[in-house]
Amino acid sequence: MKSQLIGFLMNFWISFSLALYFHSGEREEKCIIEDVPSDTLVIGNYKVQRWDIHKQDFLESAPGLGMFVTVTTPSAEVLLSKLYGPQGTFSFTSYLSGEHVICLQSNSTRFVAFAGSKLRIHLDIRVGEHFLDESVVQAKDKVNEVNSRLEHLIEQIHHISKEQNYEREREEKFRKTSEETNSNILWWAIVQTLILISIGIWQIKSLRDFFISKKLV
């Protein structure tokens with residue numbers, strides 16, 4: 001019963017993932033930005049399909065075509081730069097919180113002028129997810145299976161807690177920025193008011209001096 005309960009929780013557990021596909025020309029670099037907390041595992045799965053001009057459709061695979069995957073940290077440091085095949089998995093662990101740039105580019109050897117073939121890239125990015133090895137779980141007895149699933153569940157809970165802490169940090173930074181901006185706006189309004197009052201006093205004094213010099217008053 002306990003094992004079934006853990007399995008039920010794992011089946012309906014919310015995972016932090018981004019699945020999409022986009023089109024790209026050969027030798028064209030496409031990048032996405034992923035906001036990741038520090039010390040977090042990021043796993044990316046991708047698949048490349050090449051456009052067939054005769055079939056007017058994308059082929060299921062693109063044999064012989066590789067993909068350069070580059071990951072850049074918020075401090076502009078290259079965290080990962082590696083050549084993979086037409087379908088593969090890449091992973092990295094962040095050590096800084098912030099926006100990580102993930103770029104993919106095909107390694108087509110054709111000249112750029114003729115490299116006009118269209119590619120469809122399927123990309124699935126999972127943040128902070130540690131997968132269970134089902135084969136290992138099945139090989140163990142029921143007690144160890146429950147322990148393995150509980151450990152996996154605890155890892156997911158720790159990741160959610162880390163995500164919440166990161167969001168609180170971002171909210172705090174945004175609040176401080178907003179307060180500083182509001183304070184600057186207030187002081188600028190006060191300065192503008194003082195400038196207008198000073199100009200008004202100067203104009204009144206100038207007019208008064210002018211009327212006195214002309215003996216109009």
Side-chain angles (χ1 to χ4, degrees), residues 6 8-24 28-46 67-84 88-105 121-132 149-203:
I6 297 299
F8 177 82
L9 290 173
M10 294 307 301
N11 287 333
F12 287 90
W13 192 259
I14 298 175
S15 62
F16 298 90
S17 65
L18 170 67
L20 53 87
Y21 76 84
F22 52 88
H23 293 152
S24 172
E28 181 182 3
E29 186 178 54
K30 293 286 187 177
C31 299
I32 64 169
I33 297 175
E34 189 73 23
D35 205 347
V36 183
S38 62
D39 194 25
T40 301
L41 175 66
V42 179
I43 300 175
N45 297 287
Y46 73 90
M67 294 295 292
F68 285 107
V69 179
T70 305
V71 179
T72 307
T73 66
S75 61
E77 179 183 348
V78 177
L79 188 61
L80 173 68
S81 181
K82 189 175 180 181
L83 176 62
Y84 295 87
T89 300
F90 62 90
S91 64
F92 64 91
T93 301
S94 62
Y95 66 89
L96 287 176
S97 300
E99 296 180 342
H100 289 67
V101 181
I102 304 171
C103 297
L104 295 94
Q105 182 182 26
I121 303 174
H122 299 263
L123 182 61
D124 181 15
I125 295 179
R126 298 178 182 272
V127 179
E129 186 161 340
H130 298 265
F131 298 99
L132 277 175
R149 293 188 180 275
L150 278 174
E151 289 175 1
H152 185 254
L153 192 59
I154 290 171
E155 285 183 2
Q156 294 289 65
I157 293 174
H158 286 165
H159 173 67
I160 291 177
S161 176
K162 190 184 299 181
E163 283 277 352
Q164 290 176 337
N165 291 334
Y166 179 52
E167 290 300 326
R168 279 195 288 267
E169 290 176 5
R170 293 183 61 191
E171 182 181 354
E172 181 68 18
K173 290 180 181 178
F174 180 75
R175 185 181 64 81
K176 289 181 179 179
T177 302
S178 299
E179 290 177 353
E180 290 176 359
T181 302
N182 292 334
S183 177
N184 292 335
I185 292 174
L186 176 62
W187 280 110
W188 176 240
I190 293 174
V191 170
Q192 282 184 315
T193 302
L194 292 175
I195 291 174
L196 290 175
I197 293 174
S198 300
I199 292 175
I201 294 174
W202 177 78
Q203 287 180 333

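All figures in this text were calculated on a predicted structure; none of them were measured in a lab.
At a threshold of 4.0 Å, the pair Glu179-Arg175 counts as salt-bridged, since one of the basic side-chain nitrogens sits closer than that to a carboxylate oxygen.
Inter-residue side-chain proximity for Leu186 and Asn182 is flagged as unmet; no heavy-atom pair is nearer than 4.5 Å. For the pair Val42 and Val71, the minimum side-chain heavy-atom distance is 4.5 Å or more. For the pair Glu167/Arg170, a side-chain contact is recorded, criterion being any heavy-atom separation below 4.5 Å from C-beta on.
Within 6.0 Å of OH on Tyr95 lie more than 12 heavy atoms contributed by other residues, nucleotides or ligands. The number of heavy-atom neighbours closer than 6.0 Å to CD of Glu171, taken from other residues, nucleotides and ligands shown, is 12 or below.
Atoms CD1 and CD1, on Ile185 and Ile190 in that order, are 12.5 Å from each other to the nearest 0.5 Å. Here the straight-line distance linking atom CG of Leu104 with atom CG of Leu123 works out to 6.0 Å at 0.5 Å rounding. If you take CG on Leu80 and OG1 on Thr70, they are separated by 7.0 Å, rounding to the nearest 0.5 Å. Atom CG of Leu83 and atom CD of Gln105 lie 10.5 Å apart (nearest 0.5 Å). Lys176 contributes atom NZ, which lies 5.0 Å from atom CD of Glu172 (distance to the nearest 0.5 angstrom).
Across every non-hydrogen atom of Cys31 and Val101, the tightest pair is CB-CG1, 3.9 Å. Contact record, Ser75 with Leu96: OG-CD1, 3.6 Å, taken as the closest heavy-atom pair. Looking at every heavy atom in both residues, Glu99 comes nearest to Pro74 through O-CG, 3.5 Å. The two residues Ser38 and Ser97 come nearest to each other via the heavy atoms N-OG, 3.0 Å.
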Report task. Take Met67 and Ile121 through the test side-chain contact (heavy atoms from CB on, under 4.5 Å) and record every step on the way to the result. Result -> CA-CA 10 Å; Met67 294 295 292; Ile121 303 174; 3.6 Å; yes
Query raised in the report: Going through the checks in order, is the side-chain contact (heavy atoms from CB on, under 4.5 Å) test met by Ile197 and Thr193?
Result: CA-CA 6 Å; Ile197 293 174; Thr193 302; 3.9 Å; yes
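Below 30°, between 30° and 60°, or above 60°: for Phe90 and Phe92 the angle between ring planes is below 30°, a parallel geometry. A perpendicular orientation is assigned to the rings of Tyr84 and Tyr46, their planes being inclined by more than 60° (bins at 30° and 60°).
Every side-chain hydrogen bond (donor to acceptor under 3.5 Å, both in side chains) that Lys30 has, sequence neighbours left out, goes to Glu28. Every residue was checked against the side-chain hydrogen bond (donor to acceptor under 3.5 Å, both in side chains) condition with Gln203, not counting sequence neighbours, and none meets it. The side-chain contact (heavy atoms from CB on, under 4.5 Å) search around Ser94 returns Val36, Thr40, His100, not counting sequence neighbours.
The closest donor-acceptor contact from the side chain of Thr89 to the backbone of Asn45 lies at 3.5 Å or more, if one exists at all.
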